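Inspection log for the structure reproduced underneath, given as structure tokens.
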Amino acid sequence: MDIRVAVIGAGSWGTTVAALAARNTPTVLWARRPELAAQIDQEHLNGDYLPDHPLPESLRATSDLEEAVRQADVLVMGVPSLGFRGVLEEVSTHLRPWVPVLSLTKGLEVDTRMRMSEIVTEVVPGHPVGVLTGPNLAKEVLDGHAAAAVIAMDDVNVASKLQELFRAPLFRLYANEDVVGCELGGVLKNVIAIAAGMADGLGAGDNTRAAVITRGLSEMTRMGLALGGHPLTFSGLAGMGDLVATCISPQSRNRGVGERLGRGQTIDEIIAAMNMVAEGVKTSKVVRDLSAEYDIEMPIAAEVYAVCHEGRPASEAYHGLLKRDAGHEMAGVRHDL
């Protein structure tokens with residue numbers, strides 16, 4: 001019997017994941033705007049986010065949330081963190097019991113500081129919940145280039161079934177039980193990517209970029225450990241893999257925000273010109289609050305917050321990105337330091 005997949009959110013990554021699933025099993029993609037849903041359903045094209053990438057003819061789309069969800073055997077949430085809870089609450093009235101819920105969203109809820117998987121557990125308790133994350137730039141995956149990702153879930157049996165649904169000839173999915181670590185890796189790398197983009201915008205070189213990425217990984221790992229993640233997760237696809245891709249790719253929204261900040265644009269100007277969400281901007285505030293609460297040293301994230309929310313010029317902030325005292329490189333990561 002076919003497993004029916006519903007993907008909620010027709011942004012670039014939600015559409016890509018729906019396209020992957022549609023090649024393996026019946027899949028419907030929900031788009032908020034009826035005209036976009038109609039275009040995907042009838043023309044097999046998402047002109048807003050992926051205009052040059054034809055979609056499978058088997059992929060269906062709708063703007064009717066009940067139609068998308070009522071028969072789903074697997075629910076995939078690809079909604080930005082700002083609207084995640086509200087959309088899930090609407091979904092909950094149509095969702096059948098025990099349907100696994102998989103989050104694609106790499107952000108934190110600002111008011112509650114909750115991860116998306118925690119919101120799922122709160123809004124639709126009793127459903128298996130996991131995250132699909134990793135170094136996955138939508139256009140490259142749709143083009144069929146080799147890529148890999150992680151499905152993080154407590155239930156390894158459900159995770160193994162989900163791996164089959166989203167597989168492709170050159171798209172490999174690994175399983176990981178560390179939901180906390182995998183989810184935080186996807187969240188925190190967006191903040192570090194803004195810093196890496198700022199370096200590029202200011203004309204810094206490869207040495208600087210490498211230092212920001214590496215020291216950024218240390219910050220990610222320190223916070224991940226403090227919040228219950230496993231240290232090895234941050235050396236894998238959900239940690240280092242996603243961080244590298246997001247920090248170096250011209251396709252990365254968060255890196256692009258940082259680059260424009262480095263060139264002197266204000267955050268308001270940058271956001272106004274974007275048609276997609278850069279999660280790292282809002283996430284930097286939550287990360288700043290969490291680092292203070294747990295007493296975690298995160299100088300790079302602190303500078304990103306100052307530029308995005310306090311009006312500090314990137315040129316001034318960047319001098320502080322590496323101001324941390326030169327202690328042991330693994331301090332805060334190794335328990336004996």
Side-chain angles (χ1 to χ4, degrees), residues 106-107 134-137 139-140 184-224 234-235 237-274 276-288 291 296-327 329-333:
K106 297 177 179 180
N136 303 134
L137 298 160
K139 294 177 182 179
E140 293 185 8
L184 286 173
V187 166
L188 298 171
K189 58 91 184 184
N190 285 328
V191 179
I192 306 304
I194 293 176
M198 284 163 51
D200 291 338
L202 289 163
D206 293 336
N207 288 333
T208 306
R209 184 186 301 109
V212 170
I213 291 172
T214 309
R215 295 312 304 162
L217 181 63
S218 293
E219 295 191 16
M220 290 168 54
T221 306
R222 287 198 292 273
M223 177 162 282
F234 295 91
S235 65
L237 289 165
M240 174 58 91
D242 203 1
L243 177 65
V244 170
T246 310
C247 286
I248 68 173
S249 174
Q251 298 177 52
S252 165
R253 282 167 271 175
N254 291 281
R255 178 197 167 276
V257 167
E259 185 173 10
R260 291 190 283 275
L261 286 168
R263 291 175 176 168
Q265 293 185 41
T266 67
I267 193 65
D268 291 338
E269 292 171 341
I270 295 166
I271 298 301
M274 296 180 69
M276 292 186 282
V277 175
E279 289 279 5
V281 176
K282 292 184 182 299
T283 298
S284 65
K285 181 182 186 303
V286 186
V287 171
R288 191 279 309 261
S291 65
I296 307 166
E297 193 171 13
M298 301 185 71
I300 296 176
E303 294 292 349
V304 171
Y305 167 79
V307 174
C308 289
H309 297 281
E310 295 182 341
R312 181 177 299 178
S315 56
E316 177 184 322
Y318 206 77
H319 291 293
L321 287 178
L322 300 177
K323 276 201 299 193
R324 185 170 183 261
D325 291 340
E329 185 182 17
M330 298 302 166
V333 176

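All of these numbers come straight from a predicted model, not from anything done at the bench.
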Straight-line distance of [X] [atom1] to [Y] [atom2], nearest 0.5 Å:
X: Met223; Y: Ser218; atom1: CE; atom2: OG; value: 13.5 Å
X: Arg209; Y: Asn207; atom1: CZ; atom2: CG; value: 10.0 Å
X: Ile192; Y: Leu217; atom1: CD1; atom2: CG; value: 9.0 Å

Shortest non-hydrogen contact from [X] toward [Y]:
X: Leu137; Y: Ser249; value: CD1-OG, 3.3 Å
X: Cys308; Y: Leu261; value: SG-CD1, 4.2 Å
X: Ile300; Y: Ala195; value: CG2-CB, 3.6 Å
X: Glu310; Y: Tyr305; value: OE2-CE2, 3.3 Å

Pairwise side-chain contact, [X] with [Y], heavy-atom cut-off 4.5 Å (strictly under):
X: Ser284; Y: His309; result: yes
X: Phe234; Y: Met240; result: no
X: Glu219; Y: Pro299; result: yes
X: Arg260; Y: Met198; result: no
X: Val257; Y: Val281; result: yes

Between [X] and [Y], is there a donor-acceptor pair closer than 3.5 Å when you use the side chain of the first and the backbone of the second?
X: Ser291; Y: Arg288; answer: yes
X: Lys106; Y: Leu188; answer: no
X: Glu279; Y: Asn190; answer: no

| task | Decide, yes or no, whether a salt bridge links Arg263 with Glu259 under the criterion of side-chain N to carboxylate O below 4.0 Å. | result | yes
| Does the distance from a Lys or Arg side-chain N to an Asp or Glu carboxylate O, for Arg312 and Glu303, drop under 4.0 Å? | yes
| Considering the options Ile248, Asp200, Ile194, Thr246, which one meets the side-chain contact (heavy atoms from CB on, under 4.5 Å) requirement together with Arg255? |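 So the option named by the test is Asp200.
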| Checking side chain to side chain contact (heavy atoms under 4.5 Å, CB included) for the pair Val212/Cys247: CA distance, chi angles, key distance, verdict? | CA-CA 9 Å; Val212 170; Cys247 286; over 6 Å; no
